[in-house]
Amino acid sequence: MALHIIDHPLVQHKLSLMRDKSASTKKFKELLKEISMFMGYEITRDFPLTYEEIETPLMKMNAPKISGKKVVIAPILRAGLGMVEGLTTLIPSARVGHIGMYRDEETCLPVFYYYKMPANKERLVIVTDPMLATGGSACDAIERLKADGYTAIRLMCLIASPQGVKTVMDKHPDVDIYLAALDEGLNEKNYILPGLGDAGDRIFGTR
Ligand code: PRP
Ligand code: URA
């Protein structure tokens, strides 16, 4: 179990542009895609390599190629969708599953409405969701994946609250968490502070 915070200056700069309330929907989406690519670079850092003989125009060589588990990206709808394109740009062979859930506005508890994942449970699942607030949605999504037979799961979020990280780590100690920022906490409506507001609304322009 580990918490990885991607503190690369480009990621931090782009995240600040996203947090700014004046960012347009277009800009917000573009930045989320770009940050997801940078984060994808880190989340794949420990992928194992195998060596295969190839022939360059000049000679033969043992060339490194990625081996090991294939990847499935599993966005938590809706906002997690905003992180998919950046990851599939890096990992074009990745499959994409979908986990449909929303947070009830009154109770702040997650409500499931859709689940579709590839049949092969051997794959490494990268769950994406920009916001890890109370941690309820991520925990339930991971629980559902485990009940379905997946054993290798990573969680990639943009911003988290300390409470959200603790909740996921306590319930799913085997799941590594990747973040761009660990924020201060939650407000009375369980929104992350300082955060960036409602990620789904800002991605899809629904406010
Ligand atoms: C947001 C966010 C997470 C969840 C985080 O989704 O994208 O899925 O809330 O909150 P939690 O950690 O307290 O569970 P939301 O319910 O707003 O749905 P949306 O993506 O469809 O807008
Ligand atoms: N969902 C969001 O989109 N933003 C938050 O800060 C918390 C939950």
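Numbering of ligands and ligand atoms starts at 1, following listing order.
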Side chain, backbone, both or neither: the part of Asp201 lying under 4.0 Å from ligand 1 by heavy atom
neither
Asp129, portion touching ligand 1 at heavy-atom distance under 4.0 Å
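Near ligand 1, Asp129 shows its side chain, while the N, CA, C and O stay back.
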Can you check whether Ala180's main-chain N or O pairs, donor with acceptor, with Gln12's side chain at less than 3.5 Å?
yes
Within the distance-only criterion (no hydrogens, no angle test), does the side chain of Arg202 pair as donor or acceptor with the backbone N or O of Met18 below 3.5 angstrom?
yes
Atom 12 (O) of ligand 1: which of Ser161, Gly135, Cys157 has the nearest heavy atom?
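Closest candidate by heavy-atom distance is Gly135.
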Which of these, Asn190, Asp129, Ile192, has its nearest heavy atom closest to atom 6 (O) of ligand 2?
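Selected option, by shortest heavy-atom distance: Ile192.
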With rounding to the nearest 0.5 Å, note down the distance linking NZ in Lys189 to SG in Cys108.
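The SG atom of Cys108 is 9.5 Å from NZ of Lys189, to the nearest 0.5 Å.
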Any chance you could measure Met169, atom CE, to Cys139, atom SG, to the nearest 0.5 Å?
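Going from the CE atom of Met169 to the SG atom of Cys139 covers 11.5 Å.
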How close does the nearest protein non-hydrogen atom get to [atom], and which residue and atom is it?
atom	value
atom 4 (N) of ligand 2	Gly197 O, 2.8 Å
atom 22 (O) of ligand 1	Arg78 NH2, 2.9 Å
atom 14 (O) of ligand 1	Ser137 OG, 2.5 Å
atom 5 (C) of ligand 1	Met131 O, 3.4 Å
atom 17 (O) of ligand 1	Asp198 OD2, 4.0 Å
atom 11 (P) of ligand 1	Thr134 OG1, 3.4 Å
atom 5 (C) of ligand 2	Tyr191 CD2, 3.3 Å

May I ask you to check whether [X] has an N/O atom sitting below 3.5 Å from an N/O atom of ligand 1?
X	value
Ala133	yes
Ala79	yes
Arg103	yes

Ion pair [X]/[Y], N-O distance below 4.0 Å:
X	Y	result
Asp201	Arg78	yes
Arg19	Asp183	yes
Glu143	Lys146	no
Glu30	Lys33	no
Glu34	Lys14	yes
Lys171	Asp140	no
Arg144	Asp148	no

Tell me, do Lys70 and Arg123 make a side-chain contact under 4.5 Å, heavy atoms counted?
yes
Decide whether the shortest distance between a heavy atom of Arg202 and an atom of ligand 2 is less than 4.0 Å.
no
I'd like to know if Leu77 contacts ligand 1, where contact means a heavy-atom distance under 4.0 Å to any ligand atom.
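Heavy atoms of Leu77 do come under 4.0 Å of ligand 1.
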4.0 Å heavy-atom contact, Cys108 with ligand 1
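Checking ligand 1 against Cys108, which is what was asked, there is no heavy-atom contact under 4.0 Å.
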Give the atom numbers and elements of ligand 1 that come within less than 4.0 Å of a heavy atom of Gly200.
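The atoms of ligand 1 under 4.0 Å from a heavy atom of Gly200 are 22 (O).
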So with a 6.0 Å cut-off around CZ of Phe112, is the heavy-atom count from everything else above 12?
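Yes, because the 6.0 Å sphere around CZ of Phe112 holds more than 12 heavy atoms from other groups.
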Show the atoms of ligand 2 that are less than 4.0 angstrom away from any heavy atom in Met131.
2 (C), 3 (O), 4 (N), 5 (C), 6 (O)
At less than 4.0 angstrom from any non-hydrogen atom of Ala199, what atoms of ligand 2 do you find?
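Within the 4.0 Å cut-off of Ala199, ligand 2 contributes 2 (C), 3 (O).
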Is the closest protein non-hydrogen atom to atom 2 (C) of ligand 1 under 4.0 Å?
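Under 4.0 Å from atom 2 (C) of ligand 1, at least one protein heavy atom found.
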